[in-house]
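Chain A is the first sequence line, chain B the second, and so forth, proteins listed ahead of strands; every chain is numbered from 1. Below, each value reflects all heavy atoms present in this structure, side chains not excepted, and no hydrogens, waters or symmetry copies.
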Amino acid sequence: MEIGFFQQVHNVVSNIPYGRITSYGSIAQYLGSKGSARMVGWALNSSKNNTKNIPAHRVVNRNGLLTGKQHFGGANTMAELLQSEGLKIKDNKILDFKEKYWDPNVEIDRN
DNA sequence: AACTTGACGGTCA
DNA sequence: ATGACCGCCAAGT
């Protein structure tokens with residue numbers, strides 16, 4: 001059986017190291033034509049259905065903006081999670097986005 | 001079955 | 001640099 005799109009997303013997101021972040025688009029690109037960036041967001045949304053602990057807070061949009069903060073319950077939960085991992089956040093944006101950026105297309109060896 | 005929505009991203013004015 | 005548009009594709013209504 002083929003792995004579902006959401007599960008592939010969960011897999012990639014789970015591989016994001018502590019204190020690092022990536023973007024929806026990068027994940028979508030890593031998965032090829034199996035989905036668009038929007039699909040990644042959708043998959044993460046269904047990840048809360050998954051019992052496993054998915055570090056979804058490490059996924060932001062391409063501008064380093066915390067567009068999905070709304071889905072973490074609290075208004076500032078996502079930002080606090082990221083800050084606790086050493087990232088600099090201001091006004092819902094990751095300041096050191098480029099430095100802490102983690103690209104699955106580069107870091108993961110496609111096994 | 002048709003229309004709208006969305007945790008996005010690239011292009012163009 | 002900012003804002004509008006379009007493409008992406010599954011889910012919900």
Side-chain angles (χ1 to χ4, degrees):
Chain A
M1 140 142 198
E2 203 167 348
I3 308 176
F5 180 75
F6 66 97
Q7 190 161 353
Q8 297 188 51
V9 173
H10 294 177
N11 182 46
V12 176
V13 174
S14 297
N15 277 301
I16 305 177
Y18 181 94
R20 305 291 296 284
I21 36 83
T22 192
S23 68
Y24 303 95
S26 297
I27 296 174
Q29 188 178 11
Y30 174 75
L31 297 179
S33 55
K34 299 189 176 183
S36 62
R38 288 183 178 229
M39 291 295 90
V40 175
W42 166 73
L44 287 180
N45 202 7
S46 79
S47 78
K48 62 190 178 188
N49 206 16
N50 196 319
T51 333
K52 299 173 184 174
N53 210 18
I54 313 265
H57 58 279
R58 297 183 189 145
V59 186
V60 296
N61 82 340
R62 68 172 175 99
N63 300 309
L65 202 59
L66 310 185
T67 52
K69 58 177 288 187
Q70 247 187 88
H71 297 264
F72 285 84
N76 226 22
T77 307
M78 185 176 183
E80 289 177 6
L81 282 171
L82 291 171
Q83 285 180 35
S84 72
E85 298 193 3
L87 288 142
K88 303 173 188 174
I89 312 257
K90 180 173 185 180
D91 204 30
N92 295 325
K93 178 168 182 176
I94 302 178
L95 301 180
D96 48 355
F97 175 70
K98 189 176 180 181
E99 297 154 22
K100 299 297 177 64
Y101 181 68
W102 180 87
D103 190 349
N105 298 288
V106 176
E107 307 289 350
I108 298 184
D109 269 334
R110 304 199 175 124
N111 301 329

Between A:Asn105 (CG) and B:dG9 (P), how many Å, whole number? 13 Å
In dot-bracket notation, what is the pairing pattern of DNA chain B, taking Watson-Crick (N1-N3 plus N6-O4 or O6-N4) and G-U wobble (N1-O2 and O6-N3) contacts under 3.5 Å, with [ ] crossing and | for other strands? .|||||.||||||
Quick one: is B:dG9 close enough that its OP1 or OP2 comes under 4.0 Å of any side-chain N or O from A:Ser36? no
Please report, rounded to the nearest Å, how far the P atom of C:dC8 is from the CZ atom of A:Phe5. 15 Å
What is the distance, to the nearest angstrom, from the CZ atom on A:Arg58 to the P atom on B:dA7? 22 Å
Give the rounded distance in Å between these two atoms: CD of A:Gln70 and P of B:dG6. 9 Å
Check this for me, if you would: do A:Arg58 and A:Glu85 make a salt bridge, where the nitrogen-to-carboxylate-oxygen distance has to be below 4.0 angstrom? yes
May I ask you to say what A:Ala28 touches in the nucleic acid, namely base, sugar-phosphate or nothing, with a heavy-atom cut-off under 4.0 Å? nothing
Distance check needed: B:dG9 P versus A:Asp103 CG, whole Å only. 12 Å
Could you tell me how far apart A:Ile27 (CD1) and C:dC8 (C1') are, to the nearest whole angstrom? 16 Å
Using whole Å, report how far CZ of A:Phe6 lies from P of B:dA7. 19 Å
Which nucleotide, B:dA7, B:dG9, C:dA10, lies nearest any side-chain atom of A:Met39? C:dA10
Measure up the A:Trp42 and A:Phe5 rings against each other and bin them: parallel (under 30°), tilted (30 to 60°), perpendicular (over 60°). parallel
Fit a plane to each ring of A:Phe97 and A:Tyr101, take the angle between them on a 0 to 90° scale, and name the class: parallel (under 30°), tilted (30 to 60°) or perpendicular (over 60°). tilted
What nucleotide among C:dA10, B:dG9, B:dA7 has an atom nearest to a side-chain atom of A:Trp42? C:dA10
Please walk me through it: do A:Ile94 and A:Lys100 pass side chain to side chain contact (heavy atoms under 4.5 Å, CB included)? CA-CA 9 Å; A:Ile94 302 178; A:Lys100 299 297 177 64; 5.7 Å; no
Is it the case that the side chains of A:Tyr30 and A:Thr22 hold a donor-acceptor pair, with the cut-off being a distance below 3.5 Å and no angle test? no
Nearest whole Å is fine: how far is C:dC9 P from A:Tyr24 OH? 19 Å
Can you tell me if A:Gln83 has over 12 outside heavy atoms packed within less than 6.0 Å of its CD? yes
Sorted by chain and residue number, the salt bridge (Lys or Arg N to Asp or Glu O under 4.0 Å) partners of A:Lys69 (sequence neighbours excluded) come out as none
Report which part of the nucleic acid A:Asn61 touches: base, sugar-phosphate, or nothing (heavy-atom distance under 4.0 Å, all strands). sugar-phosphate
